[in-house]
A.B. asks: 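Here it is, the structure, as C-alpha cells.
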Number of protein chains: 2
Amino acid sequence: MPSSFGQSGIDMLIRKLGSIANLSDEERQAIERLPVRINHLDARQDIVRDGDMPSHCCLILDGWACRYKLLSQGKRQILSFHIAGDIPDLQSLHVHTMDYSLATMKRATVAFIPRENLKELSARFPNLAALLWRDTLVDAATFRAWMTGMGRRTAYERIAHLFCEMYLKLQAAGLAGDYRCPMPLTQTDLADALGLTSVHVNRVLQEMRGHALITLRRHTLVIEAWHDLLQASEFDPTYLHLEKRAAA
Amino acid sequence: MPSSFGQSGIDMLIRKLGSIANLSDEERQAIERLPVRINHLDARQDIVRDGDMPSHCCLILDGWACRYKLLSQGKRQILSFHIAGDIPDLQSLHVHTMDYSLATMKRATVAFIPRENLKELSARFPNLAALLWRDTLVDAATFRAWMTGMGRRTAYERIAHLFCEMYLKLQAAGLAGDYRCPMPLTQTDLADALGLTSVHVNRVLQEMRGHALITLRRHTLVIEAWHDLLQASEFDPTYLHLEKRAAA
DNA sequence: GAATTAAGCTGCCGTAGATCAGTTTTTAGC
DNA sequence: GCTAAAAACTGATCTACGGCAGCTTAATTC
C-alpha cells in the first residue's frame, strides 16, 4: 500500500514538479532549503480564511485539504481537494486577498513557507516559476472540469467523474494504485463539492454500488469497473495534464 | 459611449496589465513589438478547438469570445467570457493540449501571437511574466465564483451575479459605465454559461425586469438598481482583484 | 420591403434532486 | 468494551428547473 511517501518533508512537491520536467540539483536544493514551519492539524481545521491576506503559503505534506466558500444560510461550496505536494494558496504570490477558505478534510501535516521566499525562488529559477505557474494552470483546468460537471452533468455522472479524477491524481502522487485509493470524504463533503445534497449523494452511491462500479467503505474507494466508470462520466483525463514535458 | 478604445492594436492588453502595475517603457515597447497576425472573425466562429495544440496565443482586440466545452448530445458548457485585452488561451504557454474550445460570441478582432514570442517576453521581463501569471490566477478565481454559483445559487442569483461580474469587467476595460454595458449574449448563451436552459433564463429575466432590477434590450444591459442586484446575488467583487498593486 | 432566420417568449407537464424528519450504523474517545 | 457523536441511510413529499412544442417579435439578407 503506497502511503509512506515523503511525509518527512518537502519531497512530495519535488516529486510533483519533477514529474513534469527534470529538475537540476541546484533547483532541487533551493526547494529543499526553503524555510518551512511544519504544523500538524486536526480534521476540519481552517488553514486560511476567506478575506485573509496571508504572508505564508501552505504546502500539504500529508493528509487532505479543500478550498471552500461559504454563502448565506450555511451553504458551502467546496472548490477543490488537495493532497500531499499541493500548494492550494500559491496564488497569494500574486493576488493578496484570499477569495476562499482553505481547510483540512482529515488530520494533515502542512508546511508554511513565507511568501517572500517563494517569490525569491521563482525569481531566481525561472524554470521553477514556470512549473509553479503551470501548476496553477492545471488547477484552473480542474475548475473547468468541475464547472462542466455542475452545469451539464447528472449527479451520477458528476460523482463518477470526481472518482476518476481523484484516483488519477492520487495515483500520480504515488498514493493510490490497483484501482484503490483513500477517500476520506464524507457524503456531505462530496455533496458540497458537487452541488448536491448528502441525501442525494447517498442514493446515487447506492445506485453505483448496485451497478458494481465501486466499493466505498471505511474511507477507501475501490473502483471495481474502471472502464465503466470512465464511460459513465465521459471522463477525459486531458485536463489533468499528467504527461511529462518533452524538453525544458 | 465608451466603445472606441484601442481597437487599432495591442493597447488593450497594455492597458489591462498597466492597471495592475506600472509598466516600464521598455516593457511597454516589448509588448508593442510582439509580432501579431490580426484577424477579423464573424460571430460564432471557433478560434481554437478542444484537443488542439496551438502554436499561437489569441489576444482579443475587439468583440467578445468564450471558452466552452461540448459534451454528448449537444450539451454545451460555457466556461468564461472574454473581452478586449484578454488572452483566453494564454495557458498554452505551459500546457500544450487545449482542454476546451475558444470561439467568438459576436464579430471580433483578434491578434494571434506566436507562443514562442510570448515565452521569450516572459523570460526577458519577469515583471511581465508575473502580471500574466497573475492574470491566469484571476481567471481561476472567476471559475471559482462561477462554480460557487452553479453549485449553490438559484438561477435568479446566478444571472444577477453574472451581470455584476460582466459589468465590472467591462467597466475596468473602459467599455462600460453609468450602469450600462454591452451584452451581446443570447439567452441560450447565458443558459449554457450558468447551467440552465434558455427557457428558464427567459423566465428569470422577466422576473428581474418585473423587480425593476435591469433592462436588457437590443444587446444592451442597463442595471437599474445596482445595489439590489449586488444584494440579490450576494456579489463580492474581491475575486476580480481589480485593485492596483501597491509596489512592483 | 418581402422573405428568411434567429431569438425571444408562453403554457403545460415531467423529473432530478431538495427538503424534512427521522432511524440505523459506524467511528472515535475514554 | 462502553458511550457519545458523527456519518450513513430511508421514506414521504415538494419544487426549481427541464423538456417539448408552438407562437411572436426582432434582426438579417437580398
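Chain identifiers are assigned alphabetically (A, B, ...) following the order of the sequence lines, protein sequences preceding nucleic acid strands; residue numbering begins at 1 within each chain. Since we're looking at a predicted model, the values are computed, not measured.
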A.B. asks: Want to settle it: does Q187(A) or R158(B) sit nearer the 5' end of DNA chain D, counting the closest nucleotide to each?
C.D. replies: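 Going by which nucleotide is closer to the 5' end, it is Q187(A).
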A.B. asks: Just by distance, with hydrogens left out, do S80(B) and H82(B) show a side-chain donor and acceptor under 3.5 Å apart?
C.D. replies: yes
A.B. asks: What verdict does the salt bridge (Lys or Arg N to Asp or Glu O under 4.0 Å) test give for D189(A) and R44(A), after you've listed the backbone C-alpha separation in whole Å, the side-chain angles of each residue and the deciding distance to 0.1 Å?
C.D. replies: CA-CA 11 Å; D189(A) 294 331; R44(A) 267 142 241 289; 3.2 Å; yes
A.B. asks: Sort and list the pairs that fulfil salt bridge (Lys or Arg N to Asp or Glu O under 4.0 Å) and have at least one residue in residues 149-171 of chain B, not counting sequence neighbours.
C.D. replies: D192(A)-R152(B)
A.B. asks: So that I can tick it off, tell me whether R49(B) and D52(B) are bridged by a salt bridge, with the cut-off set at under 4.0 angstrom between side-chain N and carboxylate O.
C.D. replies: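 Here D52(B) does not pair with R49(B) in a salt bridge, since their nearest N and O are not under 4.0 Å apart.
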A.B. asks: Restricting to salt bridge (charged side-chain N to carboxylate O under 4.0 Å, His left out), what partner residues turn up for D42(A), sequence neighbours left out?
C.D. replies: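 Scan of D42(A) (salt bridge (charged side-chain N to carboxylate O under 4.0 Å, His left out), adjacent residues dropped) gives R107(A).
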A.B. asks: May I have the distance from M208(A) (atom CE) to dA8(D) (atom P), rounded to whole angstrom?
C.D. replies: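 Checked: the CE to P distance equals 15 Å.
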A.B. asks: Any donor-acceptor pair under 3.5 Å linking the side-chain atoms of Y100(B) with those of R67(B)?
C.D. replies: yes
A.B. asks: Just to be sure I understand the geometry, which residues of residues 194-206 of chain A put a non-hydrogen atom under 4.0 Å away from DNA chain C?
C.D. replies: G195(A), L196(A), T197(A), V199(A), H200(A), R203(A)
A.B. asks: How close or far is atom C1' of dC17(D) from atom CD of E157(B), stated in whole angstroms?
C.D. replies: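 The distance from CD of E157(B) to C1' of dC17(D) comes to 14 Å, rounded to the nearest Å.
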A.B. asks: Looking at every non-hydrogen atom in both residues, tell me the closest pair between M208(A) and I159(A) and how far apart they are.
C.D. replies: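 Taking M208(A) first and I159(A) second, the nearest heavy atoms are SD-CG2, 3.8 Å.
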A.B. asks: Could you tell me from which nucleotide to which nucleotide of DNA chain C, 5' to 3', there is an atom under 4.0 Å from chain B heavy atoms?
C.D. replies: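 The contact span of chain B on DNA chain C goes from dA7(C) to dC12(C).
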A.B. asks: Any luck finding a side-chain donor-acceptor pair between T136(B) and Q91(B) under 3.5 Å?
C.D. replies: no
A.B. asks: Partners of R209(A) by salt bridge (charged side-chain N to carboxylate O under 4.0 Å, His left out), sequence neighbours excluded?
C.D. replies: none
A.B. asks: Minimum heavy-atom separation for L240(B) and V138(B), please, with both atom names.
C.D. replies: O-CG1, 3.5 Å
A.B. asks: How does protein reach along nucleotides 25-30 of chain D, written 5' to 3' as B (base within reach of a heavy atom under 4.0 Å), S (only sugar-phosphate), or - (no contact)?
C.D. replies: --S---
A.B. asks: Is the F143(A) to W146(B) ring centre distance short of 6.0 Å?
C.D. replies: no
A.B. asks: Rounding to an integer number of Å, can you tell me how far M183(A) CE sits from dA8(D) P?
C.D. replies: 12 Å
A.B. asks: Classify R107(A) by what it touches in the nucleic acid, base, sugar-phosphate, or nothing, heavy-atom distance under 4.0 Å.
C.D. replies: nothing
